[in-house]
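Below is one structure, written out as structure tokens; comments come after it.
Residue numbers start at 1 and run along the sequence shown. We use all heavy atoms of the structure for the numbers below, so side chains are in, but hydrogens, waters and symmetry mates are not.
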Amino acid sequence: QVQLTESGGGLVQAGGSLRLSCVASGRAFNTYTMAWFRQAPGKEREFVGAISWQNSRAYYVDSVKGRFTISRDNSKNMVYLQMDNLNVEDTADYYCAADRYGSTSRLTNEYAYWGQGTQVTVST
């Protein structure tokens, strides 16, 4: 079992950057596919991107490609979401999720473990 804790959210102006972090407790972090999801007010939770446990290759939803980067540091049990050129549509609560030996699925029900979320607000 793994527990996830996100940090790094906040208020940023459009065009700015933020880096979110997620630390995982527990063992064998290197066997978990890690993902980021987000949920804007009144909307469903949506996939942002994921990084594979097998080869650390990352995949993204089209709306963030070229602006967001996911990375992981298995020695620290950490996964990061670097967000650049933010716009107001990126405003949401951001969640870290984990799936042991998982594929880089876009489906929320594929991920067994979730953090509590961190809020990102992008202002004009």
Side-chain angles (χ1 to χ4, degrees):
Q1 189 161 350
V2 63
Q3 291 183 321
L4 305 174
T5 304
E6 303 95 338
S7 62
L11 175 64
V12 63
Q13 285 191 324
S17 298
L18 277 177
R19 188 175 84 152
L20 305 184
S21 300
C22 173
V23 61
S25 67
R27 303 167 66 178
F29 176 75
N30 61 338
T31 65
Y32 287 84
T33 283
M34 301 300 296
W36 288 94
F37 288 78
R38 65 187 180 185
Q39 188 166 16
K43 295 188 176 181
E44 293 187 354
R45 192 168 296 189
E46 68 166 350
F47 175 83
V48 174
I51 187 164
S52 170
W53 69 276
Q54 292 179 295
N55 54 19
S56 292
R57 186 171 179 178
Y59 302 85
Y60 305 92
V61 68
D62 285 348
S63 60
V64 309
K65 282 181 183 177
R67 300 189 299 122
F68 290 12
T69 304
I70 298 175
S71 60
R72 66 190 298 160
D73 185 339
N74 289 338
S75 69
K76 297 181 180 179
N77 282 19
M78 296 287 295
V79 63
Y80 305 98
L81 179 64
Q82 176 67 41
M83 305 186 293
D84 298 318
N85 194 21
L86 285 158
N87 57 57
V88 293
E89 289 77 26
D90 297 315
T91 294
D93 292 327
Y94 283 72
Y95 298 88
C96 175
D99 181 27
R100 195 169 191 191
Y101 300 124
S103 66
T104 48
S105 173
R106 298 173 177 233
L107 303 177
T108 57
N109 60 7
E110 293 289 332
Y111 293 87
Y113 305 102
W114 292 83
Q116 294 300 306
T118 186
Q119 188 174 57
V120 172
T121 303
V122 184
S123 64
T124 57

Looking at every non-hydrogen atom in both residues, tell me the closest pair between Ala24 and Leu4 and how far apart they are.
CB-CD2, 3.6 Å
Between Val79, Asp73, Asn74, which is the residue that forms a side chain to side chain contact (heavy atoms under 4.5 Å, CB included) with Lys76?
Asp73
Mind checking side chain to side chain contact (heavy atoms under 4.5 Å, CB included) for Arg27 and listing every partner two or more places apart, or none if nothing turns up?
none
Flag, side chain of Ser25 to backbone of Gln3, donor-acceptor distance under 3.5 Å:
yes
What donor-acceptor contacts under 3.5 angstrom involve side-chain atoms of residues 29-40, with partners at least two apart or in another chain?
| residue | atom | partner | partner atom | Å |
| --- | --- | --- | --- | --- |
| Thr31 | OG1 | Ala28 | O | 2.7 |
| Thr31 | OG1 | Arg100 | NE | 2.9 |
| Thr33 | OG1 | Trp53 | N | 3.4 |
| Thr33 | OG1 | Gly102 | O | 2.6 |
| Arg38 | NE | Glu46 | OE2 | 2.6 |
| Arg38 | NH1 | Asp90 | OD1 | 2.9 |
| Arg38 | NH1 | Tyr94 | OH | 3.0 |
| Arg38 | NH2 | Glu46 | OE2 | 3.1 |
| Gln39 | OE1 | Arg45 | NE | 3.3 |
| Gln39 | OE1 | Arg45 | NH2 | 3.4 |
| Gln39 | NE2 | Lys43 | O | 3.1 |

How does the hydrophobic cluster around Tyr80 look, that is, which other residues are in it when side-chain heavy atoms under 4.5 Å mark a link?
Val23, Met78
Any chance you could lay out the side chain to side chain contact (heavy atoms under 4.5 Å, CB included) test for Arg67 and Asn87, step after step, and finish with the verdict?
CA-CA 10 Å; Arg67 300 189 299 122; Asn87 57 57; 3.5 Å; yes
Where Asn77 and Gly26 come nearest, the two heavy atoms and their spacing:
ND2-O, 3.3 Å
For Val48 and Phe68, work out which heavy atoms get closest and say how close.
CG1-CD2, 3.7 Å
Looking only at heavy atoms, what is the nearest atom pair of Thr124 and Val88, with distance?
CG2-CG1, 3.4 Å
Sub-3.5 Å donor-acceptor pair from the side chain of Thr118 to the main-chain atoms of Ser7, do we have one?
no
From CA spacing to verdict: side chain to side chain contact (heavy atoms under 4.5 Å, CB included), Leu20, Glu6
CA-CA 7 Å; Leu20 305 184; Glu6 303 95 338; over 6 Å; no
Tyr60 side chain to Ile70 backbone, donor-acceptor under 3.5 Å
yes
What donor-acceptor contacts under 3.5 angstrom involve side-chain atoms of residues 107-117, with partners at least two apart or in another chain?
| residue | atom | partner | partner atom | Å |
| --- | --- | --- | --- | --- |
| Tyr111 | OH | Ser105 | N | 3.3 |
| Tyr111 | OH | Ser105 | O | 2.7 |
| Trp114 | NE1 | Tyr111 | O | 3.0 |

So, using side chain to side chain donor-acceptor pair (under 3.5 Å) as the criterion, who are the partners of Asn85 when residues are at least two apart?
none
Quick one: which residue pairs count as a disulfide bond (SG atoms under 2.5 Å apart) with a foot in residues 12-123, not counting sequence neighbours?
Cys22-Cys96
Side chain to side chain contact (heavy atoms under 4.5 Å, CB included), that's the test. Do Ser71 and Gln82 meet it? Break it down for me.
CA-CA 8 Å; Ser71 60; Gln82 176 67 41; over 6 Å; no
Rounded to the nearest 0.5 Å, how far does CZ of Arg19 lie from OG1 of Thr69?
11.5 Å
ILVMFWY network linking Ile51 to Tyr59, side-chain heavy atoms under 4.5 angstrom:
no
